[in-house]
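Some notes on the structure that comes next.
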Number of protein chains: 2
Amino acid sequence: MNTSPAELPRSLAGLSLRDLEYAQAVAELRHFGQAAERCGVSQPALSEQIRKLEAILGVTLFERARRRVTLTPAGTALLAQIERVMAEARHLLTLSHEQPEGLAGTVGLGAIETLGPYYLPALLRLLRAVRPDVSLRLTEGRTARLLERLADGTLDMVLLAAPVPRGRFGAAPLFFEPFQLAAPPGHALAGLRRLMLDDLPTQDLLLLEEGHCLRDHALSLCDAKPVTRHATSLETLWQMIAAGEGYSLLPELAVVARPELRDLVVCRRLDDTTAGRTIVLAWRASDPREAAFRDLATLLAKNRPPCTHAPAPG
Amino acid sequence: MNTSPAELPRSLAGLSLRDLEYAQAVAELRHFGQAAERCGVSQPALSEQIRKLEAILGVTLFERARRRVTLTPAGTALLAQIERVMAEARHLLTLSHEQPEGLAGTVGLGAIETLGPYYLPALLRLLRAVRPDVSLRLTEGRTARLLERLADGTLDMVLLAAPVPRGRFGAAPLFFEPFQLAAPPGHALAGLRRLMLDDLPTQDLLLLEEGHCLRDHALSLCDAKPVTRHATSLETLWQMIAAGEGYSLLPELAVVARPELRDLVVCRRLDDTTAGRTIVLAWRASDPREAAFRDLATLLAKNRPPCTHAPAPG
DNA sequence: CCCTGCCATAATCAAATCCTATGCTGCGGC
DNA sequence: GCCGCAGCATAGGATTTGATTATGGCAGGG
């Protein structure tokens, strides 16, 4: 048996907007038949719904004389309120149609620390040009924390290095950012004609601390044993390299952003085209704005930074 | 085939207050299952209605993550409007329960001219004592016009002499008002021990003009040929009688209201108890306030003027 | 790695709603 | 004064809506 729907004192007791619409039509036209026609239903259907509405309200709204339908005093009072309900309901529909399809208002964007300072300025410039109505709330952090913030709704989009865990998140590639070798001036590698990953020394690899995806990427590419001291940021890493403590692989956007350091650190692109990382835009898989995110990703991919490549397919 | 309800652009497009209630519950509890429980439906039913609502609005209101339900930006905006719709709808129910059951506000009351001036003061006094919140809009007129005004809604109640045409109108008797013979001083009838209808002369019967029910009543009782001149009001009739132009039958309330005329006109109650008229309260048969009208009629009957009788049954 | 929580989906079923046809009752015309 | 018309109510049957239970799938915690 069901949970006896008839007895539960539902807060709205079966009140229906359609019935209110019927009542409005009758009140305006003072004619059940014409009201039914306007509402696109048969006259008996409308009569029955009006009757049901009156039963719900406990008030007779209309006085049915043979030739004339009139509003009762109570009906006059209630129809005024019905008008308000309908106006609010219609406004709801209006508002819903005015809702922007894609991004709007303030959107939370996060970026990994090894990318944000070098890429976000260009991204902001582009977004301001194409969508000046959208404002961003920016956050930097490491991959794990960014994904947490993304999952809990604090952020809506994050810029990461691929791969992004599947399932809870959606992602689209933006560009492939090559890594450059960064070494102290006069380093032996600076003179090689071709510079391959295999050429990298197995010692003196300087890395960021745990949690930076750049650390993992470099480590997996170099097949080297990192030094035990680690840098807490790219800026620190620059200085450690300049101090001659070792070499590292740096993302190209970070390199080109600091031309003034060329005297202190020698940077050189590797000839291995695979040495680098794919930057992706990620979002919650459950976020209904997926289409907008993909559009934004496409836009960003088309306007990728000059030194980067198109991302590898897949 | 029906009139394809799916294609007609109904102004509210199937929007339902119940769905809005479901959406409110989900927005508040952030949990489909708990929201379903609060709404007294199963979780799939609620999910489906939310889905339907989102389709109608063209907006995804909620972001369904496995562990967390959150409002989308558009959902946040629309839920505020949904709150307004629901508030107005709830207010409608509140108002409907506050509607007075019976008479309230201003009620249009009509009375025939041969009764109103003599009875309405007492009626107003009584109504003010028992229902001070009800105010009356008073009209006097002849029976035909009063019934027109009653039918078209200008009036809500009328005081008439029975009978009232059945069908469109409802009516309840208030009291039986005897007629008194009104004759010039020294008239032969003044000396009779018993005064019966048969004793009335067949000549010199003075009457009101056409349209007054009192004229018809007197004429049907007297079996006399009225004089060709007629009075336009009871006051005129008094004066014609005082001038010795003839006699008439006057309703007792009009007689007792004018004690100062006793020197000019001799008034005497007939011994025929049937000589008189039954005053009734009438209303539109279609007026849903019938119970209130009957209650008022009962009240008036219990407080009938001292000189009148209880109405004849039937 | 299984177990639990939670929303979505599927299949079925009850009920609300609508339609057509018909009844009833004043009103106006011939 | 009888009759047809207008107009809301009623009846019965069909369709759509919305509800139920059962099940699936996926993420998170022990």
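So that the names make sense, note that chain A is the first sequence line, chain B the second, and so on, each numbered from 1.
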I need the [atom1]-[atom2] distance between [X] and [N], as an integer number of Å.
X: B/Leu29; N: C/dC7; atom1: CG; atom2: P; result: 11 Å
X: A/Phe32; N: C/dT25; atom1: CZ; atom2: C1'; result: 16 Å
X: B/Leu46; N: C/dC7; atom1: CG; atom2: P; result: 10 Å
X: B/Arg30; N: C/dG5; atom1: CZ; atom2: C1'; result: 19 Å
X: B/Glu37; N: C/dC6; atom1: CD; atom2: P; result: 12 Å
X: A/Asp152; N: D/dG28; atom1: CG; atom2: C1'; result: 15 Å
X: A/Arg68; N: C/dC27; atom1: CZ; atom2: C1'; result: 13 Å

Got a salt bridge between [X] and [Y], using NZ or NE/NH1/NH2 to carboxylate O under 4.0 Å?
X: A/Asp152; Y: B/Arg68; value: no
X: A/Arg18; Y: A/Glu48; value: no
X: A/Arg215; Y: A/Glu209; value: no

Next on the checklist: Quick check on DNA chain C: between B/Arg166 and B/Ala65, whose nearest nucleotide comes earlier from the 5' end?
Outcome noted: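 The residue whose closest nucleotide sits nearer the 5' end is B/Ala65.
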Item to check | Residue met sooner reading DNA chain C from 5', once B/Gly33 and B/Arg168 are mapped to nucleotides | outcome: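 Per heavy-atom nearest nucleotide, the more 5' residue is B/Gly33.
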Checklist entry - Checking all strands, does A/Ser47 fall into the base, sugar-phosphate, or nothing category for heavy-atom contacts under 4.0 angstrom? => result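 It contacts sugar-phosphate atoms only.
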Checklist entry - Contact class for B/Ala45 vs. all strands (heavy atom < 4.0 Å): base, sugar-phosphate, or nothing? => result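 Answer is base: heavy atoms of B/Ala45 come under 4.0 Å of a base.
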Next on the checklist: From C-beta outward on A/Gln43, which listed nucleotide comes closest to its side chain: D/dA27, D/dC8, C/dC19?
Outcome noted: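 So the nucleotide nearest the side chain must be D/dC8.
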Item to check | Beyond-backbone contact of A/Val26 with A/Arg30, side-chain heavy atoms, under 4.5 angstrom | outcome: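 They are not in side-chain contact.
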Item to check | Min side-chain heavy-atom separation A/Leu46-A/Cys39 under 4.5 Å | outcome: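 Yes, their side chains come closer than 4.5 Å.
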Item to check | Closest-nucleotide 5' rank along DNA chain D - winner of A/Pro44 and B/Asp19 | outcome: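 Its nucleotide being nearer the 5' end, the pick is A/Pro44.
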Does a nitrogen or oxygen in the side chain of [X] sit under 4.0 Å from OP1 or OP2 of [N]?
X: B/Ser42; N: D/dT20; answer: yes
X: A/Arg18; N: C/dT17; answer: yes
X: B/Tyr22; N: D/dG18; answer: no
X: A/His31; N: D/dC8; answer: yes

Checklist entry - Quick one: side-chain contact (heavy atoms from CB on, under 4.5 Å) partners of A/Glu290, sequence neighbours excluded? => result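 Here the qualifying residues are A/Trp283, A/Arg294.
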Next on the checklist: Does anything in residues 48-64 of chain B come within less than 4.0 Å of DNA chain C? Heavy atoms only, and list the residues if so.
Outcome noted: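 By residue number: B/Arg51, B/Arg64.
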Checklist entry - With sequence neighbours left out, what residues match B/Gln24 under side chain to side chain donor-acceptor pair (under 3.5 Å)? => result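 Per chain and number, B/Gln24 pairs via side chain to side chain donor-acceptor pair (under 3.5 Å) with B/Glu83.
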